[in-house]
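Below, each value reflects all heavy atoms present in this structure, side chains not excepted, and no hydrogens, waters or symmetry copies. Every number for a ligand or one of its atoms is a count from 1 in the order of the listing.
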Amino acid sequence: MALIAIGQNRKMEDYLESVRRAGGEPVEIVVGVEAPEQILSRVDGLMLTGGGDVDPKLYGEQPHDTFQAAETGRDEFEIALARVAIQKGLPLLAICRGMQVLNVAMGGTLVQDIPSEITGALQHSVPQPRAASAHEVWVSRGSKLQALLEDHMDDGETCHVNSRHHQAVKDVAKGFTVTGTSPDGVIEAMEKPDAPYCVAVQWHPENFWRTGEFRELFEGLVQAANSRKKK
Ligand code: MN
């Protein structure tokens, strides 16, 4: 069974359950216990999870008033995890903060506060219910994301997602492609086309395991992890 390392999170249950239902075995990782290289040498895939804001110093900016740091050590540790995973071609699914970490790790920048920086922005902070639809995402034709979510989209390119973030990807890291945007222009998904599986989404697909919506994102990760394991 494919082992999927899952980054530290205050609310692990939905992440764990989503991986299990996709046929993978989750391995919870804790900041600072083991080196990123060591952890990733014994798993078949990686999932980066949600959480607080990435320190803007890490992409060369001063913090906005709304800055809320993640748990101590998570930024550096997860950036290292992301870089090692990309370098090894390890299957990676990055969720919410995970997508922001991945982007910063690979040289991109972030919108620090959507309401203050994006005129006419939609409401992206909809805490409850966790699996409610908050806004649309327009998915790029021909992307891995579109292939994964095809069955969920009536017109083949629009899906409805939940939303609990005040930050977003701004300058996309080199080598990555934007694969989903909300109607206000906020980047909601990106991927690395030349990687076996490197998919990032700004919403929270892990909250939908009860209904199975977005399960393909986790199944894609586990399948890619299994194929890698067989090699
Ligand atoms: Mn959103």
Can you tell me which residue pairs pass the ring pair (Phe, Tyr, Trp, His ring centres under 6.0 Å) test with a partner in residues 83-129, sequence neighbours excluded?
H124-H135, H124-H165
A correct count of protein N/O/S atoms found below 2.8 Å of the Mn ion (ligand 1) gives 5
Apart from V126 itself, residues in the same hydrophobic cluster as defined by side-chain heavy atoms under 4.5 Å:
none
So, the side chain of Q123 versus the backbone of S125: is there a donor-acceptor pair under 3.5 Å, distance only?
yes
Any side-chain donor-acceptor pair under 3.5 Å between Q8 and E28?
no
Determine, step by step, whether F214 and W209 satisfy the ring pair (Phe, Tyr, Trp, His ring centres under 6.0 Å) criterion, reporting the C-alpha distance in whole Å, the side-chain angles of both residues, the deciding distance to 0.1 Å, and the verdict.
CA-CA 8 Å; F214 302 120; W209 59 264; over 10 Å; no
Taking only residues two or more places apart in sequence or in another chain, which ones pass side chain to side chain contact (heavy atoms under 4.5 Å, CB included) with M153?
V139, Q146, L149, D155, C159
